[in-house]
Amino acid sequence: MTVATSIARAPAARPARSWSTRLEPYALVLPAMIVLAFFFAGPAIYNVALAFQDLSLFDLGKEGRWVGFANFQEVLTNPSTAHALYNTAIPLTLVTVVGRLLLGLGLALLLNASVFSRWRLGWLVRSLVLVPWVTPPVVAVAAWKWLLDARYGVVNQLLVATGIIDRGIPFLAKTSTVWGAVETMLIWRELPFVVITLLAALQSIPSDLREAAKMDGANEFQIQTSIVLPLLKPVLTVITLLTTIWTFNNFVYVWLATRGGPGDYTQVLATQMYMTSFVDYRMGAGAAIGVVMTLIMFVFALVYFFIMFREK
Amino acid sequence: MATSTAAGGSPVGNFLKDLTIAGIGIVLLLILAFPFIWVVLISFRPDSEIFTRGFKLITSFTLENYSTLLSGSPFPTYLRNSIFVCSIATFFAVAISLVTAYGFSRNRQFRGRQLLLILVITTQLFPFVILITPLYATFFQLGLINNFFSLILSYIAINLPFAIYMLLGYLDTIPRELDEAARIDGASTLQTIMTVILPVAWPGVVTVAIYAFVTAWDEFLFALTLMTSDENKTVPVGLAGFFGEYTTQWNLVMTASVVSTLPTLVLFMFLQKKLVSDLAAGAIKQ
Amino acid sequence: MNVKSWRSLALATTCLVALSGFSGTVSAQDKVELVFRQFDPPTEIDGLVKAVDAWNASHPDIHVTMQTMNGADTLAQLAREVPAGAGPDIQHLAFVWTRDLARSGLLMDLDDDIKSDPPGKGIDDFLATDLATLDGKIYGVPWSADTFAMAYRPDLLQAAGLSFPDTWDDLAAAAKKLTTEDGQYGFCFPAGSSPDSGMWTLVNYYLWSNGSTLVDETSPGKWEVTVTKEALEAAMNYFNGFFVDGMAPESLITVNAWGDPELLGALGRGDCAIGIFPPQTFRAAEAQSETPLMTAQIPQGSVKRISHLGGRALGINPNTKHPKEAWEFVRYLVGPETFKTYNQYPAQKSLLDTLDFAESEEGYVKMLPLAQTFERYISSPIQVSTMTGVVNKEFGAVFSGQRSPEEASQAVIDELNDLLARGK
């Protein structure tokens, strides 16, 4: 059962329960709801309210001047917003999410092979996979910048040595390669999460299912597609949804790698929001960008659930 | 664990197949880990040789960066703070989300279920950089600024939504018969969760625990805003402190990165055997 | 683990957490505790730490704790803390923030203290007090001053038979001669597009020295964009020329920070013959270089030779419970004792005159009297940080081939006009 249907489907009626059993679900979810309400409810309302004000960073603790929809109007008519939206949706989110899913699935399937457990290498592969993820983002980006350096980076040195190119390419300085470089950094660091999650899910697939299929004469490929993948679907669904939202809102990779440059070529919505709030000092306009991002993701999540629900 | 024995084929053929798979896997992983390995190598170089003309893998070897970091800088304090905050936050995040996910998973028609689940996911949609301002004001009024309690609470809150969803997905795949068997034996809900569900759901719990720990460990904005005195800083804030407007202590940055990955790796080594579920071994076919 | 031990573990953890809530030392009743927040990284503050320790040793009744927080984050933090009633007692400020902070009530008015208990040799001895003044009152005491200077490898210039170039055109010509086949570039500078990129400084040096300025108050209260499209195009073509003619490595287009390894170690490694640095960065570059480095003046334009006067000031939190003691500490920080160990240039004329500069820093010595603050922009309706963002972005667009200098210069002028119109 996918999480989506978990939310959407109304199950068959059950026999009447006692009072305390009926209250039980509320008791179970209450602590989490209290924490989340305290944390997100008030601040979210503040966020939305801020989007309708004109407030300078220097006046942050106070109330601003109410300007109605002026901030939204400005954000939506600004040509750089459209540019940032495109960048956020396609090179930043779509490409890296798909990249992570494909590479992550491939790597998880490979690492799930029995040889690793039979040769007692399970700990090694699971730990090696985690390495990019434990690297702090600022160090990951700095390391990659140096690996991609036009003169000293190992990537260019390899490419030149094998004759593919004759001089080093400054990947982050050229508009033709800068997104590739940023995407590489992001996928590199975030891939382990997908792999680990999928590995865990793969480990939960009962081995008797595989045995049965093998005895029925299925080859490896058929086993993967008709047994393994469908069983992975719930986990894949959740990962896709959450990584998409998280990547869409992501600020840190673009900011650390390029600051939205060269020029404003790699500007995304999150960096635009940051610059509006902390460089232009206009918190209200920045909050408006944030609200627009939230709405886009909210619509996406609804559409996503709808599609997933439909398939059942 | 996929324990399929290699059915059919010669022992040599199977061995070669094993070797290929293992070889490809490990080589791929080493390539994946290379940037970090490079950072580790750099941390053993003297400051002046950190960036060299031409890509050299090994130059001279020194431990001076580590001794500077560990005895000549406040970094060990930051490390302690991070370990303290992140461990506690992870524990509670996992515990609360497990109970909550169980509540959502096993009770599918209580009023407001759908709404609550949607609200949970909407919390992920707001950028923290704006949420932090009213949160600062609230914590300040509660007198919790520069107090680890506020940071721990923040990290629990940040991790709950994802943890709840992931665990909900995992728990949904665990058959109800297990619960009901326990209840017939007279177990309360909490006992059921601990004794029956938890052992079977370990892979999901471990995944969530690792994710929560890493998220809390890397978190910068809340740690910066809520912990204002130098001795209460966490690792990411301390790391950022090595970057100045005019100069950066790259040797310490690299070394600190290596040191700060150790707790996460240790935690993972400790937990990763639990990624193997009893479920796969057919434990439930009774 | 069974349920019982989980429960006790949970209980123990909760107690631990609750106890941490009660953490915090109880300070002695008679001791005044001050918090001083500054934003330089550990490498740059050894001398300052010594000075603070010296204060604490000689003032047992006034104890100062120093906190460090990154400059970029400090502003937002102050904006959250001060209205809530919190914040450090004494705050390290950038010159360009002081007026904005004062306008929002985040700094204490220091006029009375300055009159009754003057700092240093009197407030008139201080540089750049105009930037700290709002409505005739002073809200920050200038503490350290700096300007930028060219840096170079004397041996490489000598080998090419060159003396240090005097004008911008001379610089381009020298850079061409100094660019060799084996990976040595003539001139290296931060050409990044970020709002915090050093390109802004270079652009302004070029424009000002050629008689232009981005915006100016043409008549009282009326601000206009005074830079011409031609002047901007000339600047863009000039700096882009370094990349087009290969005198600077293309990867510099991504470099924003003065202290970036591509720039900092470049002179020492022989990757660049000439660079440009702030004083702290130059000192770090010298430390990393085996061959000696020298500084020189900023190149002259058609009108003059000029650089900007930047620096830091000290402000006091209006929430402070100990304004008198805080002021005493500020006076100490700007006093000669502190500058004995704190290796920044003091923002006071009398102290600058008595300072012993290292020989290699003569470029800075020569530029300080010529330096002018960004006051020319700060009084305008546009935030300087926004202007910086616009200029850096458009120059970056030119460097990366996204726009021609004609288009980019027009874009700058259009955006500046829009911003002026939107401002007050």
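- Atom CG in B/Asn159 sits 8.5 Å away from atom OG in B/Ser97 (nearest 0.5 Å).
- With a 4.5 angstrom heavy-atom cutoff, C/Gln67 touches chain B via backbone and side-chain atoms both.
- Using cut-offs of 30° and 60° on the angle between ring planes, the pair B/Tyr136 and B/Phe140 is parallel.
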Check step by step if side-chain hydrogen bond (donor to acceptor under 3.5 Å, both in side chains) holds for C/Thr179 and C/Gln184. CA-CA 5 Å; C/Thr179 304; C/Gln184 177 183 303; over 6 Å; no
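- Taking the six-membered ring for Trp and thresholds of 30 and 60 degrees, C/Phe374 and C/His308 have ring planes inclined between 30 and 60 degrees apart.
- Interface remark: C/Asp146 contributes side-chain atoms only to the contact with chain B (heavy atom separation under 4.5 Å).
- The contact between B/Thr228 and chain C is made by backbone and side chain atoms together, counting heavy-atom distances below 4.5 Å.
- Ring-centre distance between B/Trp250 and B/Phe242: not below the 6.0 Å cut-off.
- Taking 4.5 Å as the limit, every side-chain heavy atom of C/Phe148 sits out of range of all side-chain heavy atoms of C/Phe282.
- Here the CZ-OG1 distance, from B/Arg106 to B/Thr192, works out to 10.0 Å after rounding to the nearest 0.5 Å.
- Classification of C/Arg283 and C/Glu44 as a salt-bridged pair fails, no side-chain N sitting under 4.0 Å from a carboxylate O.
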Do B/Tyr78 and B/Ser73 pass the side-chain contact (heavy atoms from CB on, under 4.5 Å) test, and can you show the C-alpha distance, the side-chain angles, and the key distance before you say yes or no? CA-CA 10 Å; B/Tyr78 306 155; B/Ser73 85; over 6 Å; no
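- Within residues 80-89 of chain C, the residues approaching chain B closer than 4.5 Å by heavy atoms are, in numerical order, C/Arg80, C/Glu81, C/Ala84, C/Gly85, C/Ala86.
- Relative ring orientation between C/Trp143 and C/Tyr342 is described as parallel, the plane-to-plane angle staying below 30° on a 0-90° scale split at 30° and 60°.
- For the set B/Thr248, B/Ile132, B/Asp230, B/Ile145, the count of heavy-atom pairs under 4.5 angstrom toward chain C peaks at B/Asp230.
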Please step through ring-ring contact (aromatic ring centres under 6.0 Å, His included) for the pair B/Phe44 and B/Tyr66, ending with a clear verdict. CA-CA 8 Å; B/Phe44 290 110; B/Tyr66 284 92; 5.0 Å; yes
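- Here C/Pro261 is the residue among C/Ala79, C/Pro261, C/Ala284, C/Gly259 with the most heavy-atom pairs under 4.5 Å with chain B.
- For a heavy-atom cut-off of 4.5 Å, chain C lies close to B/Phe220, B/Leu224, B/Thr225 in residues 217-227 of chain B.
- Using a 4.5 Å cut-off between heavy atoms, B/Ala240 contacts chain C through both its backbone and its side chain.
- With values rounded to the nearest 0.5 angstrom, B/Tyr102 atom OH is found 10.0 Å from B/Ile174 atom CD1.
- Between B/Asn251 and B/Asn65, the side chains place a donor N or O and an acceptor N or O closer than 3.5 Å (distance only, hydrogens not considered).
- Contacts with chain B were tallied for C/Asn70, C/Thr68, C/Leu264, C/Asp40; C/Thr68 has the most, counting heavy-atom pairs under 4.5 Å.
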